[in-house]
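The structure appears right after this line, and notes come after that.
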There are 4 protein chains.
Amino acid sequence: MPTTSTDPSQAEPGKRSRRKEARPGELLDAALDLFVEKGFAATRVEEVAARAGVSKGTLFLYFPSKLELFKAVVRLNIAGRFDEWKLELQTFEGSSSELLRYCFTVWWERIGSTKASGITKLILSEAGNFPEIASFYRQEVIEVGQDLIRCILQRGMASGEFREVDMNYAIYLVLAPMIFLMMWRHSIGMCVPDELGITPEGYIRLQVDNILQGLCVRAQPPSPSTP
Amino acid sequence: MPTTSTDPSQAEPGKRSRRKEARPGELLDAALDLFVEKGFAATRVEEVAARAGVSKGTLFLYFPSKLELFKAVVRLNIAGRFDEWKLELQTFEGSSSELLRYCFTVWWERIGSTKASGITKLILSEAGNFPEIASFYRQEVIEVGQDLIRCILQRGMASGEFREVDMNYAIYLVLAPMIFLMMWRHSIGMCVPDELGITPEGYIRLQVDNILQGLCVRAQPPSPSTP
Amino acid sequence: MPTTSTDPSQAEPGKRSRRKEARPGELLDAALDLFVEKGFAATRVEEVAARAGVSKGTLFLYFPSKLELFKAVVRLNIAGRFDEWKLELQTFEGSSSELLRYCFTVWWERIGSTKASGITKLILSEAGNFPEIASFYRQEVIEVGQDLIRCILQRGMASGEFREVDMNYAIYLVLAPMIFLMMWRHSIGMCVPDELGITPEGYIRLQVDNILQGLCVRAQPPSPSTP
Amino acid sequence: MPTTSTDPSQAEPGKRSRRKEARPGELLDAALDLFVEKGFAATRVEEVAARAGVSKGTLFLYFPSKLELFKAVVRLNIAGRFDEWKLELQTFEGSSSELLRYCFTVWWERIGSTKASGITKLILSEAGNFPEIASFYRQEVIEVGQDLIRCILQRGMASGEFREVDMNYAIYLVLAPMIFLMMWRHSIGMCVPDELGITPEGYIRLQVDNILQGLCVRAQPPSPSTP
DNA sequence: TATGAATGAGACTTCATTCAT
DNA sequence: CATGAATGAAGTCTCATTCAT
């Protein structure tokens, strides 16, 4: 009977506790952190194991190789958040402008501001080394995400709210600011944690404002400035 | 800018000795390509040497370590083209809208479409591993580049052509599309060389159109569809 | 030979408890198979346990280490069947030629064609790594077996049936074909299960014929082609 | 130009001498010794390298993996000794009995008594782990060797010197004593280096005598006893 | 200067062994 | 007794770096 303790590693049931269900998740979390932080090659499996609180050997009990661990991290962190979004999109009742703004907000809450954003940075950084993963990501994430964006834009054009633009390029009006922000925060942005006066929310608001200014047939007034 | 010379072998600076002098450059070119494509860790110095046509030992004659080679690649490729640009900006005679579009065009010709764009991809990808390089890049390139963008925007606002927006965020209206395109082409974009219907030029045009639509007090009509 | 029992679970010595007592034997059987097939080093204890139908931990309940398991396998499988043989030899009533042929037959039935032959293959293969086992085997098996062969040959020479030959070498006329066949079947022979036209029985017959042809003072005619 | 010296490590031209041509051979020799002595799995590459006088990394300069090193050892030590033998066989001028005895003698000199014999032991021991190598050995060595034996026996039968026997089995009259001796000397035989009174030559003589006694239509008198 | 053979620290991975349940 | 999750020493292989030629 371990003593009760206030430590977050909470009443651990002994060094060699049997937690088969919990292990993979802990390892994947640790791996996500480290892969994002240091890249695939520079991350040592021993470090991943240590951060998950287990030994090197234990990691290989759950993942047959470092590469498979990497793939599992990618898979876990991108898996089907899109279905949920698609549903929200289809049942959204406001204007298309509001929908687009809502889309950015939700993206930021669920992806952009979370560890999941690190995955994108990771994939873009390592695409050259793992074409297999890159094209997997392309199909499973990029394509699906672009479809979502396309739906929103088409909704706006169909209702006459947005002007007609070449859809293949218009998608990037939405995609580029998102991808950029994720890359930026996980690279250059890391050096200057609190750049005075710059917040992700402010960045997003101006980007959305600008997209809508350019896109709307009757330009809506830009949202009031940040407090 | 090699000088033209006739005798490759003797007392004058011929082919051989020129080659000799050119070695570091060839190595840096090869290294840039490989670092961009595969990242720092996954690039083997032997490969760099081979691509430059020399032996592994020779590489270490010019660069004391792999890390120094990396730094040299970064240093060489971010060397300021900004003075030249600043001059062009200050002597530009058209409208600020035209200037902004011109700025994008020039950027694409001199940076975006050239190997130089690879350095941005490289830095962003490896920022986590080499913070000192990242912050060096931040100071030498990002800050200066942002200044340039700021000047353009201020010119437009001062003349009443652009509406007033928070400059700290507005900068990213210009920066994000540029950075995104460079990252994209060097990562995910590499898998699908000629995605039908998508050209960098088209991408840039729509981005600029949109920025100007959102920025101009009297929205100029978007540029005609095809050049 | 399991007894039929109705209740697998309770107070009587049913399936479960018998199984329990049988465990070491099942482990040793499984280990013999795998050691023979793959050698000591390439055999994983987990595999042995799995083949015996128990977990890895259980194996270590019965055998303190892999090496001890190995030794136990060897010990079990070389345990003297020789006393029995010696008796048969001493009470044999036919000619020495018949005795020799009988000896081969019995050897084939009881050793050569059974899993016991595997132990010889195992010992010879691993002798270099486990000299103590090898010399143990030498003393317990080889010496004793050679004695047996010596007795047979001496019986034949004493009765004038066999010509006089140097006993130290003559022993190998009998031993070599036996050892060879065991090694062969457990190594190269495994690749080609039914090499057309070659049977162990045929091999043995010709070997015996030849030995007797060479050994007998009045060469007996070789045995007829087929049984 | 190495200086003449009495030391076997002969005026070594420096620690890091360039001996690209010599290295593979030295490594293969060392590997042969160790593989034969300890088996494939129990041999560590570092040990092989050390015995060859180089570092671990150097070994991988010449052989891409431990398995490839193993294959190279096998290939080197079995390659084309057979062509030479075939020629000798076809031009042999004595009786078939003499030829058979000569064949044993030559085999002993060139294979049996040399390190090459270790290869056979090695293959038979490891056949289970490397079916690929086993079948390679079977085709390249066993088949060819059996052909050679077959030729000799057919020569004897054709000339009426040997009686007719089923060739498929007769081959093993010759093969078995050879294989046995090689296995024996590299396993059990290693424990007792100089077993008094037993020499390989004596073993071979008696085996040949016995084969010929059994095979010849007019049994030739056995060769006189060993001095 | 240029070479490329050689090095050895360090990474991934395996597996005999332990031990809490 | 039995289990199987966990461990960590040990082995294979890589690659930046050195240095004799």
Side-chain angles (χ1 to χ4, degrees), chain A residues 2 13-23 41-49 53-67 69, chain B residues 16-17 19-20 23 41-50 53-69, chain C residues 16-17 19-21 23 41-50 53-69, chain D residues 12-23 41-49 53-69:
Chain A
K15 199 66 174 291
R16 293 190 174 200
S17 60
R18 243 177 263 157
R19 308 196 293 173
K20 183 154 210 216
E21 285 83 40
R23 286 283 181 251
T43 297
R44 276 169 297 126
V45 294
E46 192 157 16
E47 242 179 314
V48 175
V54 299
S55 76
K56 198 170 29 169
T58 301
L59 188 151
F60 287 95
L61 237 47
Y62 298 97
F63 303 96
S65 73
K66 187 185 181 184
L67 183 54
L69 172 65
Chain B
R16 231 178 129 233
S17 56
R19 282 225 126 204
K20 199 189 305 186
R23 284 283 152 73
T43 296
R44 275 170 298 134
V45 293
E46 189 157 24
E47 237 180 315
V48 174
V54 301
S55 76
K56 198 168 25 166
T58 301
L59 187 152
F60 284 92
L61 236 47
Y62 295 101
F63 304 95
S65 76
K66 189 186 181 184
L67 184 56
E68 286 305 317
L69 172 64
Chain C
R16 239 187 121 227
S17 57
R19 280 227 128 201
K20 196 191 305 185
E21 285 157 27
R23 286 282 153 73
T43 296
R44 275 169 298 133
V45 294
E46 189 155 26
E47 238 181 317
V48 174
V54 299
S55 75
K56 198 168 25 167
T58 302
L59 187 150
F60 284 93
L61 237 46
Y62 294 101
F63 305 95
S65 77
K66 188 186 182 184
L67 184 56
E68 285 306 316
L69 172 64
Chain D
E12 52 176 31
K15 199 62 175 295
R16 294 190 172 199
S17 59
R18 243 176 263 160
R19 308 197 293 173
K20 184 154 209 212
E21 283 83 40
R23 287 283 181 248
T43 297
R44 277 169 297 129
V45 294
E46 193 157 17
E47 242 179 313
V48 174
V54 299
S55 76
K56 196 170 31 168
T58 301
L59 187 150
F60 288 95
L61 237 45
Y62 298 98
F63 304 95
S65 74
K66 188 184 180 184
L67 183 54
E68 285 304 318
L69 172 65

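In what follows, chains are A, B, ... by sequence order, proteins preceding strands, each numbered from 1.
Summary of the strand contacts: C:Thr58 and D:Thr58 both lie near DNA chain F, and taking for each the nucleotide with the nearest heavy atom, the more 5' one is attributed to C:Thr58. The residue among B:Val54 and D:Gly53 whose nearest nucleotide of DNA chain E is located toward the 5' end is B:Val54.
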Inset, instruction - Kindly indicate, with the supporting measurements, whether the criterion side-chain contact (heavy atoms from CB on, under 4.5 Å) is fulfilled by B:Val45 and B:Phe60. - result: CA-CA 9 Å; B:Val45 293; B:Phe60 284 92; 4.1 Å; yes
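For F:dA6, the OP1/OP2 oxygens have a side-chain nitrogen or oxygen of A:Tyr62 closer than 4.0 Å. Of the side-chain N and O atoms in D:Ser55, one or more sit less than 4.0 angstrom from OP1 or OP2 of E:dT7.
Formation of a donor-acceptor pair under 3.5 Å by the D:Lys66 side chain with backbone atoms of D:Arg44 is not found in this model. A donor-acceptor pair is defined here as one N or O able to donate and one able to accept, closer than 3.5 Å; no such pair exists between the side chain of A:Lys56 and the backbone of A:Val48.
Out of F:dG4, F:dC1, E:dT3, the shortest distance to the side chain of B:Leu61 is found at E:dT3.
If you take CZ of D:Arg23 and P of E:dG4, they are 17 Å apart, rounded to a whole angstrom. In this structure, D:Glu68 atom CD and F:dC13 atom C1' are separated by 14 Å, rounded to whole Å. In this structure, CG of B:Leu59 is placed 16 Å from C1' of F:dC19, rounded to the nearest angstrom.
In this structure, C:Glu46 places its CD atom where only 12 or fewer heavy-atom neighbours from other residues, nucleotides or ligands lie under 6.0 Å away.
Minimum interatomic distance between D:Ser55 and D:Ala49 (heavy atoms only, all atoms of both residues): O-CB, 3.5 Å.
Stem list for DNA chain E (at least 3 consecutive Watson-Crick or G-U pairs, distances under 3.5 Å): E:2-21 with F:2-21.
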Inset, instruction - Would you mind building the protein contact string for nucleotides 9-14 of chain E? One character per nucleotide, 5' to 3', B for base within reach (heavy atoms under 4.0 Å), S for sugar-phosphate only, - for untouched. - result: BBSSBB
